[in-house]
Structures are given as C-alpha cells and as structure tokens.
Amino acid sequence: MRWSFEELKRLETDCPCGEPHHAIPVERLEVGQGALDEAATWIKARFGRVVLVMDEHTRLAAGDALAQRLTDLGVVWTACIVEPNGQGDVVADEVSIVQVLIACGPDVEALIAVGSGTLHDIARFASAKMRIPFVSVPTAPSVDGFTSAGAPLIVRGVKTTYQTHAPVAVFADTAVLERAPKELVWAGFGDVIGKSTSLADWAFGALAAGEPYCSHLASLTREALETAVAEVRGLAEGRPDAIRHLMEALLLSGLVMLLFGQSHPASGGEHHLSHDWEMEFLRSGRRQILHGLKVAVACGVLADLYRSRVEEAVAAAVEAGLAPWASLAGREHEVRAIVASVPPGDRVRALMRQLGAPAEPGDLGIERSLVSSSLKRAHKLRNRYTMLRLLNDTNAI
C-alpha cells in the first residue's frame, strides 16, 4: 500500500491543510497472513474476558478459529451469535443490539466483532454504551466502516447513524478474506466506487454551503478509489493481492473518516439512496441487499443525474436567489470542475459488470418507482448539502 498507518496518525496534528484533525484511536492495524493469531495474542495481552460478536457464517469463517486460539491462551470468552430477522438477514437494529447487551456480563472487558459491516455496527454501538472497547476482526473486504466511529442503525424503521467509537485494533487476516463469498467482495468494491459521487458531493457542499473540507483527506480517499479501480481485473479473478489491496483501500477510506470526524469523505447522495432502499426493503419484508452493492448502483444513478442536471440547477438556484445555492453565483467554473470529476454512470456500471456484479437497480430487484421516489426523499435522511439536495430544492428531479 502507498500509505502507512503511522503517516495517517501524523495527520492528526500535521496535515497539509494546516488544520488539526481528529485523533485516530486505533492502536494496532494488521492486514496479512496470520493476523488472526496476532489478534489472539494482542487480546490476551489486554483483556481477560471478552465476548465474540458473530453470526453463523462469520463464526465458521473465523470465529471458531479465533475462539480456539483464545482458549489456548487462557482468555475467557463468550460467543454471541446474532440471530437473523424473519427474512433471514442479520440487521443492525434494536433487537440485535439488545441480544449483544444481554450476552455481556458485568465483567466483560471488550467485544470482538468477527464479521463484516453489520456485525461491526452492532458491536460498536453496544461497546460504546457499555463503555468498553471493541476489536475489529473483518471476515470479508465488504465495507469501509471497519474503522469508523459511526454506527448506522435501523431504529424504529429509520436508518440513523450514531456517533460511537472506533475499534482499538483491527486484525484482517488475508487467509480469511480470500475465502469470502464473491458477493461480499463485490460489495466492498461497490462501497469504494461510491466515492466517485461522495467526493464530488463533499466538495460541492463545501463550495455551496461552507461545509468543512480538507483537500488532503479528499486526495487520500481518491487514492483508495483509484486503488480499487486498478484492481478490478484481479478482483474478478479472485487474486489474493487484489483482495488485500481492496481491504487496504477500504481501511484507508475508513481512517480518513476518523481523521475528519464525519462521514463526508466517503458518504454522499449515493449512501442516502442506499439507506432509503434499505428502509423500504425492511418495511416491505424483503430480503436485504448488501450495502456496497446498493451504493454502487446508486452511484451510477446519481452520476448520470449530476452530470446532466446540476449545472442547470445551479443556474436556476442563482437566478431565484435560493439559499444556500445562490452563493454559487460567479463560481460556475468551480461547479463545472466538480461535476466533471464524476465519471459517467456507464463507467461505474461497466466496472461492476467487469466483476460480474449487479450494476442496475433492476439487477438488485429495486423497481423504477422506488428509485424515483427515493430520489425525491433520500436527501432528507442527512443534513448534507449534496447535489441530490440541490436537485430537489430546485425541482430538477
């Protein structure tokens, strides 16, 4: 990888932007063969009693092996196998969180999240409420939220992100990651591809509404995006080096969010669409779709809209004096540069198809009527000045 953990931690106080950033509380980050053994040794040195938060799939992928290593080292552990809902999905909601809390006695010193994004969000929130640390043990390169401090949860049917805390350590064993189902690899790639629109939305919000921004952190997130795109052929072939590089790109994206203190660098309108689709699927009792697959498809949808309608919408907002968009008067060339940074939707879809992954809403069972309604309401899920919000404010959708 072209970045180092130590270099990123230095950005807390020494960023080229000249502004201080948030501290990275992660103490240890390991990606490679044997990381599962290193996790057990590290946990032994820190904790005497832990709870392993898993589901049935991740227990088989890495949980049983980690539990055996902990037993050999004399660490007392309890397994909490988070149960799926009625549709067969493990969901980060109130029910799952309570299940983890019930599994934890007063003497538990840490939670160990063994799995992908959903299990991490559950463990992240529960551990924060218990005021104990958690350790990240990813089982697939599926999301960029392993190092995140934010926990996106479904509470009373609404997707809301709660600020909690980051893991104290991350141990990603490439031997485990290489065995992950291809769909989870597709999802990880899709989550990174979503930066194509999130980075543009971040720059646009800063330009139009003065939202906080750091060009250096943006360049690091773009590096994560470019790393993933460069590995698309290797990922399609299942090459171990490509899997590792994807995992490193996901971790880089997550660490940038930690430094920035918010999800702006890696989450824009495409994530808002994804969250809206997730809530609708829950309301209608349908099986969930992997987060990164939704993000990639939403990215393609928004890429087309942004490239075709944003400049005209800005002109309309300026003419009408519509706040905050009227502040863009005389800055059309900057708007044009931001829009130009978004790849064509066909490019996003072609990358996903190169993997063999879904690329269109219909490929995921998302009907046109849902896409249309989501485009008109998803921007309300977060208080962000995205181009999706502009298009709605100017009735351009």
Side-chain angles (χ1 to χ4, degrees), residues 3-13 21-32 34-54 58 62-63 66-67 69-70 73-80 92 97 100-101 103-139 143-152 161-173 176-177 247-248 250-261 263:
W3 57 276
S4 75
F5 188 46
E6 292 72 23
E7 289 170 348
L8 290 180
K9 288 182 78 71
R10 283 198 292 272
L11 294 177
E12 297 169 3
T13 56
H21 293 304
H22 292 255
I24 295 177
V26 181
E27 300 172 18
R28 180 84 176 270
L29 188 149
E30 295 292 339
V31 181
L36 210 58
D37 290 329
E38 294 183 37
T41 302
W42 191 89
I43 291 167
K44 165 64 176 176
R46 291 287 301 271
F47 311 114
R49 185 179 293 270
V50 300
V51 170
L52 306 180
V53 180
M54 312 176 276
T58 64
L66 178 59
R69 288 165 171 78
L70 293 175
L73 293 172
V75 178
V76 178
W77 58 270
T78 301
C80 177
I97 291 166
V100 173
L101 294 174
C104 296
D107 54 352
V108 170
E109 300 172 45
L111 301 185
I112 316 299
V114 183
S116 55
T118 297
L119 288 162
H120 274 67
D121 292 332
I122 295 166
R124 185 189 327 276
F125 186 85
S127 66
K129 287 300 181 184
M130 296 172 66
R131 298 186 179 180
I132 61 175
F134 88 98
V135 176
S136 165
V137 181
T139 55
V143 293
D144 68 355
F146 294 114
T147 57
S148 173
T161 297
Y162 296 86
Q163 287 303 307
T164 57
H165 61 194
V168 290
V170 181
F171 296 92
D173 195 314
V176 174
L177 303 180
M247 187 72 216
E248 290 170 348
L250 291 165
L251 290 172
L252 175 58
S253 176
L255 290 167
V256 168
M257 284 190 279
L258 271 184
L259 282 164
F260 189 64
S263 63

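No experiment lies behind these values; they were computed from the predicted model shown. Reckoned from all heavy atoms, side chains included, excluding hydrogens, waters and symmetry mates.
- Taking 4.5 Å as the limit, every side-chain heavy atom of Ile112 sits out of range of all side-chain heavy atoms of Val53.
- Annotation for Ala113 and Phe134: closest pair CB-CD1, 4.1 Å, computed over non-hydrogen atoms.
- The SG atom of Cys80 sits 8.5 Å away from atom CG of Leu111, with the distance rounded to the nearest 0.5 Å.
- Annotation for Pro25 and Leu258: closest pair CD-CD1, 4.1 Å, computed over non-hydrogen atoms.
- Contact between Leu177 and Pro138 at its shortest, heavy atoms only, is CD2-O, 3.9 Å.
- Taking the charged nitrogens against the carboxylate oxygens, Arg46 and Glu109 have no contact shorter than 4.0 Å, which rules out a salt bridge.
- Glu12 has no carboxylate O lying under 4.0 Å from a charged side-chain N of Arg10, or vice versa, which leaves the two without a salt bridge.
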Run the side-chain contact (heavy atoms from CB on, under 4.5 Å) test on Val26 and Phe5 for me, step by step, so that the C-alpha distance in whole Å, both residues' side-chain angles and the decisive distance to 0.1 Å come before the verdict. CA-CA 10 Å; Val26 181; Phe5 188 46; 3.9 Å; yes
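- Ser116 approaches Thr139 most closely through the heavy-atom pair N-OG1, 3.9 Å.
- When each of Leu251, Leu29, Leu252 is checked for a side chain to side chain contact (heavy atoms under 4.5 Å, CB included) with Leu8, only Leu252 meets the rule.
- Here the closest heavy-atom approach between residue Ser136 and residue Phe146 is recorded as OG-CB, 4.0 Å.
- Nearest heavy-atom pair across Met247 and Val31 is CG-CG1, 4.4 Å.
- In this structure, Thr58 contributes its side chain and Met54 its backbone to no donor-acceptor pair below 3.5 Å.
- Annotation: the span from His165 atom NE2 to Ser148 atom OG amounts to 11.0 Å, rounded to 0.5 Å.
- For Thr164 (side chain) and Ala149 (main-chain N/O), a donor-acceptor pair under 3.5 Å exists by modelled atom type.
- Formation of a donor-acceptor pair under 3.5 Å by the Asp121 side chain with backbone atoms of Ala151 is not found in this model.
- Between the Lys9 side chain and the Ile24 main chain, a donor and an acceptor come within less than 3.5 Å of each other.
- Distance alone, capped at 3.5 Å, places no donor-acceptor pair between the Asp144 side chain and the Leu250 backbone.
- Under a 3.5 Å cut-off, the side chain of Trp77 and the backbone N or O of Ala67 do form a donor-acceptor pair.
- Annotation: the span from Lys129 atom NZ to Leu101 atom CG amounts to 10.0 Å, rounded to 0.5 Å.
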